[in-house]
Protein chains: 2
Amino acid sequence: MSESDTTREKIIVAARERFSHYGYPKTTIAELAEDCAMSPGNIYRFFKGKIDIAVEIARREALSAVEVIEAVLDCPVRSSRQRLEEVVFADLRYTFHLLENQPKTLELAQIVVSDRPQFQIESLRRERRVFQRILHEGQASGEFMVDNVPATTIALHAATTKYRYAQLFTNQTLAELERELAHVMTVIMRGLMPTVEGHAVPETQIPSGTNIAPIAATSDASDTSTTSGKSA
Amino acid sequence: MSESDTTREKIIVAARERFSHYGYPKTTIAELAEDCAMSPGNIYRFFKGKIDIAVEIARREALSAVEVIEAVLDCPVRSSRQRLEEVVFADLRYTFHLLENQPKTLELAQIVVSDRPQFQIESLRRERRVFQRILHEGQASGEFMVDNVPATTIALHAATTKYRYAQLFTNQTLAELERELAHVMTVIMRGLMPTVEGHAVPETQIPSGTNIAPIAATSDASDTSTTSGKSA
DNA sequence: CGAATGAACAATCAATAAATTATTCACTAC
DNA sequence: GTAGTGAATAATTTATTGATTGTTCATTCG
């Protein structure tokens with residue numbers, strides 16, 4: 001079925017282009033069909049409905065987002081603490097830039113989640129697995145002192161909720177959020193790591209994060225400011 | 001101006017009743033005027049516009065919510081840890097029950113925040129002050145070991161974001177959220193408290209919380225279940 | 001003069017009609 | 001049989017209109 005697979009891909013490519021340019025609601029099946037040089041009816045041989053095209057695109061987006069985060073893991077040799085911090089900061093930066101440069105992606109995600117609630121649950125679960133792996137490593141190496149890894153993973157994930165799609169909660173700038181997250185991670189790290197000879201666990205430093213590639217804006221990629229500021 | 005003050009109060013009482021029963025949008029100025037036995041025009045001698053009535057009601061609601069939380073503070077003698085934990089759990093329970101029993105209150109808050117963004121910022125700031133006071137006390141008594149109280153306050157507040165109006169983020173039950181929050185607090189407490197003689201800081205126990213009065217539902221208070229579960 | 005009115009006007013909302021769009025399916029081409 | 005079509009239909013969206021509501025203000029009342 002390589003033939004129908006490439007056709008299916010053509011539809012996805014066309015849809016991603018139109019969804020990110022004009023948004024999901026303003027994109028019609030007829031337009032997608034025309035882009036793929038086929039009839040509207042034929043789309044339905046590959047997708048059960050319009051929403052399913054969006055689901056597939058969102059699913060891939062979510063997977064590649066986790067891959068970006070995971071890329072931090074198999075980098076050079078680092079402490080578990082560094083890994084954990086870099087993953088959390090990467091999450092903040094990735095989702096922040098996503099919302100800033102590709103607002104249509106959020107719209108798409110919200111539409112998908114609104115009638116596929118399971119989608120969000122699974123995305124969050126995938127993300128937690130990354131956290132859990134780091135906690136396990138740190139526990140094994142003795143760097144962390146955690147008596148219940150699964151529960152602590154959930155706690156860690158929950159405590160950093162504000163820094164996933166942060167613009168949904170606040171209109172702070174990325175720099176402000178990074179400073180704040182550093183303080184959150186300081187407290188958490190002191191909660192995870194054993195105190196050695198009375199020396200306090202040092203504060204979290206904001207990672208440089210130059211090893212993570214920023215997301216390019218779809219069309220006019222001239223605005224690279226990191227400040228938000230919705231309303232007065 | 002005691003005369004105009006009581007008139008103003010009459011308007012607020014009538015508005016609170018109608019807003020919580022029928023919602024803000026479906027309540028008309030004409031109805032409020034009739035409830036107060038006055039003309040529509042006269043309302044505008046006391047409030048600049050309809051939205052300002054909502055703002056005043058929401059402001060009082062927010063103040064009394066903080067008072068509920070603060071009530072935990074000047075209770076009997078407790079450790080700073082217990083105070084902090086009880087405040088955080090009280091927050092979860094209060095906002096959870098609010099959304100469950102009085103959904104119109106959320107609607108009102110959202111309307112107010114949508115064109116008075118400052119409102120939310122100030123509400124959060126008030127709440128943080130409670131956190132900060134506890135941190136200060138704990139720091140002074142030596143129970144906590146915090147090198148930067150203001151920054152840690154913000155961190156603590158941010159880390160518990162998910163447990164304020166939790167239903168906006170998840171459809172977990174209150175019991176599930178409480179278990180999760182206990183794990184979050186365990187990590188945070190271990191980050192705030194010094195280790196004594198190699199004994200690990202014990203896990204957070206879910207407070208009984210019977211000292212906090214639940215919110216009564218406005219009209220038909222027959223449903224007292226704590227489970228949510230929006231969609232399949 | 002302060003307190004209150006209610007008709008007048010502008011802004012918003014609700015209901016309906018019109019147009020567009022998603023989806024199906026009997027059918028053709030290869 | 002597989003791949004694809006495109007007209008027919010059901011579901012949604014958009015436009016239009018009339019009704020309702022928020023707000024103002026010249027005026028009345030005490």
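Heavy atoms only: backbone and side chains are in, while hydrogens, waters and symmetry mates are out. Every chain is numbered from 1 and lettered A, B, ... according to where its sequence line falls, protein lines coming before strand lines.
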Exercise for review: Using heavy atoms and a sub-4.0 Å distance, could you list which residues of residues 36-44 of chain B are near DNA chain D? By number, please.
Suggested key: Gly41(B), Tyr44(B)

Study note, to complete from the structure: Per atom distances to the Thr7(A) side chain, the nearest of dA22(C), dT23(D), dG4(D) is dG4(D)

Review point. Going by distance alone, is a donor N or O of one side chain under 3.5 Å from an acceptor N or O of the other, for Ser20(B) and Arg16(B)?
Key: no

Check your understanding: Side chains of Tyr22(B) and Glu31(B): is there a donor and an acceptor less than 3.5 Å apart?
Key -> no

Check your understanding: CD1 of Ile11(A) versus P of dA3(D): gap in Å, rounded?
Key -> 12 Å

Check your understanding: Do we get Lys50(B) above Tyr24(B)'s six-membered ring, with its NZ or CZ under 6.0 Å from the centre and within 45° of the axis?
Key -> yes

Point to revise | Interatomic distance where CG belongs to Leu32(B) and C1' belongs to dT21(D) [whole Å] | key: 12 Å

Check your understanding: Taking atom P of dT12(C) as reference, at what distance in whole Å does atom CD1 of Ile51(B) sit?
Key -> 13 Å

Point to revise | Sidechain N-carboxylate O distance under 4.0 Å for Arg60(B), Glu9(B) | key: yes

Review point. Between Phe46(B) (CZ) and dT5(C) (C1'), how many Å, whole number?
Key: 13 Å

Review point. Rounded to the nearest Å, what distance is computed from the CD atom of residue Glu34(A) to the P atom of nucleotide dT5(D)?
Key: 12 Å

Check your understanding: Whole Å only: how far is the CG atom of Asp115(A) from the P atom of dT12(D)?
Key -> 11 Å

Practice item. Return no unless some side-chain N or O of Lys26(A) is found under 4.0 Å from OP1 or OP2 of dT14(D). Key: yes

Exercise for review: Scan side-chain atoms only and decide if Glu180(B) and Gln172(B) contain a donor-acceptor pair under the 3.5 Å cut-off.
Suggested key: yes

**Study point:** Separation of atom OH in Tyr22(B) from atom C1' in dC13(C), rounded to whole Å
**Key:** 20 Å

Practice item. Apply the test ring-ring contact (aromatic ring centres under 6.0 Å, His included) to residues Tyr94(B) and Tyr165(B): give CA-CA distance (whole Å), side-chain angles for both, the deciding distance (0.1 Å), then the verdict. Key: CA-CA 9 Å; Tyr94(B) 183 85; Tyr165(B) 304 96; 8.5 Å; no

Review point. Among dG4(D), dT23(D), dA22(C), which is the nearest nucleotide to the side chain of Lys50(A)?
Key: dA22(C)

Revision key, fill the gap. When every non-hydrogen atom of Tyr44(B) is compared with those of Gly49(B), the smallest separation belongs to CE2-CA, 3.9 Å

Review point. Between dT12(D) atom C1' and Tyr24(A) atom OH, what is the distance in whole Å?
Key: 12 Å

